[in-house]
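Working notes for the structure below.
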Protein chains: 4
Amino acid sequence: MPAPSESTARRDKRSAILDAAIRVFARTGYHAARVSDIADEAGIAYGLVYHYFKNKEEVLNSIFEERWGDFLDVVSAIAASDEDTREKLFQIASLIVNAYRVRPDWVKVLVLEIQRSSRFAEPGQMHAVGKLFAMIAGILRDGQARGEVRSDLDPKIACYVLIGGLEIVITGLVLGVIEVESAEEEGDYFDRVARTVVETYFNGICP
Amino acid sequence: MPAPSESTARRDKRSAILDAAIRVFARTGYHAARVSDIADEAGIAYGLVYHYFKNKEEVLNSIFEERWGDFLDVVSAIAASDEDTREKLFQIASLIVNAYRVRPDWVKVLVLEIQRSSRFAEPGQMHAVGKLFAMIAGILRDGQARGEVRSDLDPKIACYVLIGGLEIVITGLVLGVIEVESAEEEGDYFDRVARTVVETYFNGICP
Amino acid sequence: MPAPSESTARRDKRSAILDAAIRVFARTGYHAARVSDIADEAGIAYGLVYHYFKNKEEVLNSIFEERWGDFLDVVSAIAASDEDTREKLFQIASLIVNAYRVRPDWVKVLVLEIQRSSRFAEPGQMHAVGKLFAMIAGILRDGQARGEVRSDLDPKIACYVLIGGLEIVITGLVLGVIEVESAEEEGDYFDRVARTVVETYFNGICP
Amino acid sequence: MPAPSESTARRDKRSAILDAAIRVFARTGYHAARVSDIADEAGIAYGLVYHYFKNKEEVLNSIFEERWGDFLDVVSAIAASDEDTREKLFQIASLIVNAYRVRPDWVKVLVLEIQRSSRFAEPGQMHAVGKLFAMIAGILRDGQARGEVRSDLDPKIACYVLIGGLEIVITGLVLGVIEVESAEEEGDYFDRVARTVVETYFNGICP
DNA sequence: GATGAATGAGCTTTCATTCAT
DNA sequence: AATGAATGAAAGCTCATTCAT
């Protein structure tokens with residue numbers, strides 16, 4: 001066996017614990033989740049969790065750091081593309097909405113647990129979430145330069161309305177307030193939600 | 001002392017415990033909150049909490065039952081009034097913005113904690129928070145019938161953009177990301193925020 | 001019942017826990033001792049230990065602070081008395097040696113456990129033990145002024161030899177290396193030990 | 001590779017683990033010491049400790065068996081020599097002082113840790129450390145017979161004053177309370193300490 | 001020989017809840 | 001009504017020990 005495979009095995013087990021933790025945190029919430037629940041979900045002894053992570057909180061932090069970074073990379077690529085503002089925002093909206101469809105547990109934990117953790121109380125920890133706001137504000141500013149967005153809006157505030165709309169949609173999905181209509185495909189429904197939010201954001205609800 | 005004053009005193013103390021609990025739950029979450037934290041916050045001994053409530057969960061349940069209903073009643077009255085759609089939405093936006101301004105903790109607890117409790121496991125029971133969304137969707141649907149709202153929007157989705165926009169702006173204020181301009185009164189500022197969000201919501205960001 | 005009796009009851013329970021802890025630490029050592037052992041020894045639930053002390057270490061610290069201070073007070077009184085140097089040192093030697101006879105567990109814990117704790121690694125924590133050395137050095141210095149002690153000795157070093165001798169005797173007793181001869185009374189034996197140490201210290205072993 | 005060198009390598013590694021264990025036990029005590037601390041100190045993987053020793057307790061036992069016997073052999077040789085009492089005691093004082101200087105950890109572990117283990121619970125077994133005291137007491141008794149030592153002293157007690165004086169002076173050096181004068185070599189200084197203690201021990205502090 | 005992943009007994013600590021006062 | 005001492009279930013975490021590689 002070559003050495004790299006061992007390193008891969010270690011990374012795999014670590015990842016397996018994180019995945020199990022996401023599922024458990026999504027199901028019961030961070031505080032109510034026992035370390036032994038995570039271990040059971042991952043099919044390992046609970047002591048092993050402490051072999052890979054310092055404690056329960058580091059598991060939550062690792063979920064955030066390793067999953068949120070991936071998400072930001074995709075948003076960054078969209079922001080840098082040649083599409084017009086409306087299309088960029090729609091792609092981001094789609095990304096967010098579909099993230100819930102594909103990995104509902106991830107979104108549940110990111111939205112419900114990590115937002116509440118001390119991360120946001122400490123200055124400078126706002127950073128990671130702040131990056132998302134800055135990226136979308138940047139897209140709006142570019143849009144204003146191209147004449148695709150009203151120039152009387154402050155991009156730094158306007159971006160909140162879009163993100164807030166998306167966030168509430170996600171929260172609604174997470175909490176089960178929004179239910180997919182039985183008449184259409186799930187994938188179609190999620191696309192329609194993203195499109196409606198961006199469309200409303202662009203044109204308003206006035207006829 | 002007349003008897004009613006004693007009953008009032010009892011109700012006051014009960015209410016004080018609930019208010020303290022809301023603040024603590026908002027700060028640390030239900031699971032992490034200790035009964036002694038609630039008692040400290042209320043300035044009483046922790047044993048007394050058990051004089052007024054069966055246990056910690058009953059405290060959470062009582063918050064829900066006694067606070068959310070009041071809020072929905074006001075929204076319901078606005079929805080039933082003769083005002084046009086824009087004015088109704090502005091009034092609700094004002095109500096929410098000011099609720100968040102005056103009692104940010106209430107909203108945090110109602111949205112984040114109560115959903116997760118076992119209350120909603122019972123089948124056939126509608127999400128209480130969902131009722132708010134349904135009411136606003138209802139206003140939009142009425143607006144479509146009156147020709148005041150674009151008929152191509154799905155009211156059930158469009159309502160999230162308004163609520164989400166309001167929520168994230170207020171969250172920004174609460175977290176201190178957005179700062180109130182020193183030249184105006186705080187109350188005025190919150191009204192202006194509500195008006196701006198509703199305005200953007202109506203007319204969009206398109207030039 | 002008057003209020004003071006309640007305060008007394010609280011102090012009594014606290015003291016009972018400390019006494020139980022001394023017995024347990026003496027028996028098994030600090031590290032091997034379980035909090036539940038202390039509670040069992042005191043006849044209470046282990047949770048109650050945490051009602052009176054922050055954690056296990058604070059129990060050990062409290063033993064030290066509350067018992068060592070009492071000891072220093074007595075030494076201080078002896079140092080301030082009118083007796084000659086030899087008598088003062090004999091009284092202190094008696095005090096130390098008899099402390100073991102009356103409260104062997106106290107001495108065991110003070111000698112074996114607390115010396116090893118981090119207390120002495122941290123600067124400034126040397127203080128409490130240092131006070132004993134300073135007091136005895138002071139007695140020697142007074143003795144030199146009175147012509148009762150060789151003036152070519154540095155009191156700061158000479159005091160170590162006495163304390164060292166006493167300490168080893170105590171350690172020997174604690175560890176069971178020294179055994180009381182069956183032919184004499186225990187009290188007599190301990191007095192003889194104290195006298196021998198001081199006598200040797202004064203006159204040397206030379207004939 | 002010749003066979004003997006392999007056996008030597010094995011013995012070296014085993015010895016390295018014991019030396020590391022002594023340092024760790026001296027620092028933190030047996031109970032608080034982790035097997036992984038010993039391994040870290042020895043620069044090996046903790047699993048390897050179990051290749052050379054059955055378990056943690058066997059490490060402690062081996063320290064005792066393989067280190068203390070050597071020391072006693074030297075003391076025994078000194079006691080049996082033709083020197084007069086003062087010279088014998090000076091040689092032992094030198095041995096102890098230098099043992100403490102070169103291997104302070106050995107003495108700490110031998111004195112503080114090993115006594116407490118279950119080894120000495122077995123009836124009829126003499127305290128190994130007690131043997132050292134008995135040997136020195138024997139030298140004093142011989143000295144009394146030769147007229148070199150006051151006959152009114154109990155050798156079993158008097159020996160403690162010497163050992164204790166040595167111990168506490170050395171402890172002072174180890175803890176940095178006494179500092180070696182810069183003008184002389186460290187080795188010289190330790191010899192002078194041994195000589196001073198033996199001198200004081202012989203002639204007393206009386207003028 | 002050597003490594004360190006894996007296990008789980010057992011400890012410390014927290015805290016909801018009860019209850020005597 | 002009010003207090004807080006007392007209890008003990010339950011959880012987090014540590015670490016000696018085993019074992020596959």
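Each chain gets a letter, A, B and so on, in the order the sequences are listed, and its residues count up from 1.
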Taking atom [atom2] of [N] as reference, at what distance in whole Å does atom [atom1] of [X] sit?
X	N	atom1	atom2	result
R14(D)	dA2(E)	CZ	P	14 Å
N55(A)	dT14(F)	CG	P	8 Å
K56(A)	dA10(F)	NZ	P	16 Å
Y50(B)	dC19(E)	OH	P	13 Å
H31(D)	dC11(E)	NE2	P	10 Å
E57(A)	dA11(F)	CD	P	19 Å
Y52(B)	dA2(F)	OH	C1'	9 Å

Legend entry - Y30(D) side chain vs V109(D) backbone, donor-acceptor pair below 3.5 Å: no

Inset, instruction - Using a heavy-atom cut-off of under 4.0 Å over every strand shown, decide if F53(B) touches base, sugar-phosphate, or nothing. - result: nothing

Inset, instruction - Flag the pair R14(B) and E66(B) as a salt bridge only when some basic side-chain nitrogen lies within less than 4.0 angstrom of an acidic carboxylate oxygen. - result: yes

Inset, instruction - Pull out every residue in residues 32-48 of chain D that has a heavy atom closer than 4.0 Å to any atom of DNA chain F, ordered by number, or say none. - result: A33(D), R34(D), V35(D), Y46(D)

Inset, instruction - Could you point out which residue of R67(B), K13(B), R103(B) forms a salt bridge (charged side-chain N to carboxylate O under 4.0 Å, His left out) with D19(B)? - result: R67(B)

Inset, instruction - Go ahead and name the base partner of dA20(F); Watson-Crick or wobble counts if both distances stay under 3.5 Å, otherwise write none. - result: dT3(E)

Legend entry - Watson-Crick or G-U wobble partner of dG12(F), both distances under 3.5 Å: dC11(E)

Inset, instruction - Decide side-chain contact (heavy atoms from CB on, under 4.5 Å) for F25(C) and I63(C); before the verdict, give the C-alpha distance in whole Å, the side-chain angles of both, and the deciding distance to 0.1 Å. - result: CA-CA 11 Å; F25(C) 290 162; I63(C) 290 171; 3.8 Å; yes

Inset, instruction - Measure the spacing between NZ of K54(D) and CG of N61(D) and express it to the nearest 0.5 Å. - result: 9.0 Å

Legend entry - Gap between atom NE2 of H31(C) and atom CG of L60(C) - 0.5 Å precision: 9.5 Å

Legend entry - Residue met sooner reading DNA chain E from 5', once K13(A) and V49(D) are mapped to nucleotides: V49(D)

Inset, instruction - Would you tell me if any nitrogen or oxygen in the side chain of H51(B) comes within less than 4.0 Å of OP1 or OP2 on dA2(F)? - result: no

Inset, instruction - Kindly assign one of parallel, tilted or perpendicular to the pair F71(C) and W68(C), based on the angle between their ring planes and the thresholds 30° and 60°. - result: tilted

